[in-house]
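Below is one structure, written out as structure tokens, with a few remarks after it.
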Amino acid sequence: MTTDGNGNGNGNANGNNSGNDSGNDSVSVGVLGLGAMGGALATALVKAGHGTTVWNRSPGKADGLVALGARAAATAGDAVRSGDLVVVCLFDHASVHEVLDPLAGDLAGRTLVNVTTTSPEQSRELAAWAERAGITYLDGGIMAVPQMIGEPGSSVLYSGSADAFRRYEPLLDLWGTSDYFGEDAGLASLYDLALLAGMYVMFAGFMQGAAMVAPAGVTAREFASRAAPWLTAMTGAFQEYAEVIDGGDYTVEGQQSLEFSDLGDILAAGSAQGVGTDAIAMVQSLIRRQIDAGHGTEGFARIYESIRRPA
């Protein structure tokens with residue numbers, strides 16, 4: 001996840017550097033893209049003592065990094081040729097190709113770590129492009145905002161070349177907990193976007209609630225003070241829902257039924273307050289599909305089937 005437009009699988013990398021390069025070994029790195037996230041990644045590398053050459057399309061963004069000890073490259077090609085590892089954090093998939101396609105020859109024999117937000121299919125396409133050009137490719141999904149880089153709570157999901165991940169794992173760990181999901185270059189992006197889907201729906205739910213109480217004179221800040229601990233406590237239900245979903249039996253005892261979960265009262269209250277109800281109406285539609293199909297006495301987790309198999 002990035003904020004400047006630039007996201008447990010087959011192995012968890014937390015602190016396990018066995019067989020890898022020493023964490024004290026300096027690596028020469030070229031960083032392309034110095035938006036908020038790219039700048040944070042480069043800053044962590046410079047502070048750790050890695051020789052870091054940086055490039056950005058628009059001038060001026062390298063000044064602070066140069067003051068820390070980075071070298072500013074005049075061109076993207078200069079940054080690519082500066083070392084064996086190249087980190088790309090650009091606006092989108094198209095901008096990655098725009099910058100890197102002319103540099104395929106310079107990238108050959110090097111390792112490319114792409115942390116630009118892309119779809120799984122775009123990540124796979126970039127991996128195939130890199131393979132044809134003789135470039136070792138690792139795709140990354142950043143689960144953090146720029147100010148979290150290198151701090152507790154930051155994590156980066158990777159997929160693609162296992163050799164590249166193992167070789168550069170100590171460096172990657174500078175940004176946050178590193179998790180590797182396998183050779184399929186699209187898996188890190190898939191996990192990244194799936195986790196973001198949950199986050200955005202949660203945020204929309206908070207905003208739905210804040211809008212409902214606003215006409216009663218309740219500020220969003222006041223509502224947040226109650227919503228945050230409540231929603232945090234409710235995340236404990238994830239594992240329970242997961243067990244039901246994976247088991248495929250929505251009739252097990254102890255579940256709240258779909259009929260009991262009907263959200264008509266919430267929709268009516270929102271309408272009475274004169275606010276939109278789109279966010280909660282979306283959940284109600286998932287519930288109603290399963291009730292209308294005859295599953296009203298089964299558990300709320302069954303709305304997963306409404307999502308898994310859309311009409």
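Since the structure is predicted, the reported quantities are computational estimates derived from the model, not experimental observations.
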> Side chains of His93 and Glu125: donor-acceptor distance under 3.5 Å anywhere?
Replying inline: yes

> Atom CE in Met207, atom CE in Met202: separation rounded to 0.5 Å?
Replying inline: 9.5 Å

> Is Asp292 paired with Arg289 through a side-chain N to carboxylate O contact shorter than 4.0 Å?
Replying inline: no

>> Please evaluate residues Asp184 and Ser159 with respect to the criterion side chain to side chain donor-acceptor pair (under 3.5 Å), reporting the C-alpha separation (whole Å), side-chain torsions for both, the decisive distance (0.1 Å), and the verdict.
In response: CA-CA 6 Å; Asp184 178 353; Ser159 57; 5.9 Å; no

> Does the side chain of Thr277 come within less than 4.5 Å of Ser271's, by heavy atoms?
Replying inline: yes

>> Quick check for you: to the nearest 0.5 Å, what is the distance between Arg302 atom CZ and Thr251 atom OG1?
In response: 9.5 Å

> Do Val31 and Leu65 have side chains that get closer than 4.5 Å, going by heavy atoms?
Replying inline: no

>> For the CD atom on Glu131, are there more than 12 heavy atoms of other groups (residues, nucleotides or ligands in this structure) within a distance under 6.0 Å?
In response: no

>> I'd like to check Trp175 versus Val87 (side-chain heavy atoms, cut-off strictly below 4.5 Å). Are they in contact?
In response: yes

> Which atom names give the shortest non-hydrogen contact between Ala104 and Ile135, and what distance separates them?
Replying inline: O-CD1, 4.2 Å

> Tell me, do Asp84 and Thr111 make a side-chain contact under 4.5 Å, heavy atoms counted?
Replying inline: no

>> Between Ser161 and Asp163, is the side chain to side chain donor-acceptor pair (under 3.5 Å) condition met? List the steps.
In response: CA-CA 5 Å; Ser161 170; Asp163 289 341; 5.2 Å; no

> Less than 4.5 Å apart, any side-chain heavy atom of Tyr191 and any of Asp179?
Replying inline: no

> Taking atom OG of Ser28 and atom CZ of Arg110, what is their separation to the nearest 0.5 Å?
Replying inline: 10.0 Å

>> Could you go through Tyr168 and Val113, starting from their C-alpha distance and side-chain angles, then the distance that decides it, and tell me whether this counts as side chain to side chain contact (heavy atoms under 4.5 Å, CB included)?
In response: CA-CA 10 Å; Tyr168 292 110; Val113 178; 5.8 Å; no

> In Å and rounded to the nearest 0.5 Å, what is the CG to CG distance from Leu68 to Leu45?
Replying inline: 11.5 Å

> Which other residues belong to the hydrophobic cluster containing Val201, where Ile, Leu, Val, Met, Phe, Trp and Tyr are joined when side-chain heavy atoms lie under 4.5 Å apart, directly or via other members?
Replying inline: Met212, Tyr241, Leu258, Leu263, Ile266, Leu267, Val275, Ile280, Met282, Val283, Leu286, Ile287, Ile291, Phe300, Ile303, Ile307

>> Ser119: which residues meet the side-chain contact (heavy atoms from CB on, under 4.5 Å) condition with it, sequence neighbours left out?
In response: Glu121, Gln122

>> Does Tyr250 form a side chain to side chain donor-acceptor pair (under 3.5 Å) with Glu305? I'd like the steps, not just the answer.
In response: CA-CA 10 Å; Tyr250 301 101; Glu305 301 297 336; 2.7 Å; yes

> Going by heavy atoms in the side chains, are Arg57 and Glu98 under 4.5 Å from each other?
Replying inline: yes

>> Pair Leu172, Leu138 - check side chain to side chain contact (heavy atoms under 4.5 Å, CB included), show working.
In response: CA-CA 11 Å; Leu172 301 176; Leu138 191 63; 3.9 Å; yes

> What is the ring orientation for Phe165 with Tyr158, classed by angle as parallel under 30°, tilted 30 to 60°, or perpendicular over 60°?
Replying inline: tilted

>> Can you confirm whether the side chains of Thr118 and Ser123 place a donor and an acceptor under 3.5 Å from each other?
In response: yes

> Would you say the side chain of His97 lies within less than 4.5 Å of the side chain of Trp129, judging by non-hydrogen atoms?
Replying inline: yes

> Is there side-chain contact between Leu100 and Val88, with heavy atoms separated by less than 4.5 Å?
Replying inline: yes

> Got a second to check how far Ile245's CD1 is from Arg308's CZ, nearest 0.5 Å?
Replying inline: 11.0 Å

> Is it the case that one hydrophobic cluster holds both Val244 and Phe238, taking links as side-chain heavy atoms less than 4.5 Å apart, direct or via other members?
Replying inline: no

> Nearest 0.5 Å, what's the CZ-CG distance between Arg167 and Asp25?
Replying inline: 10.5 Å

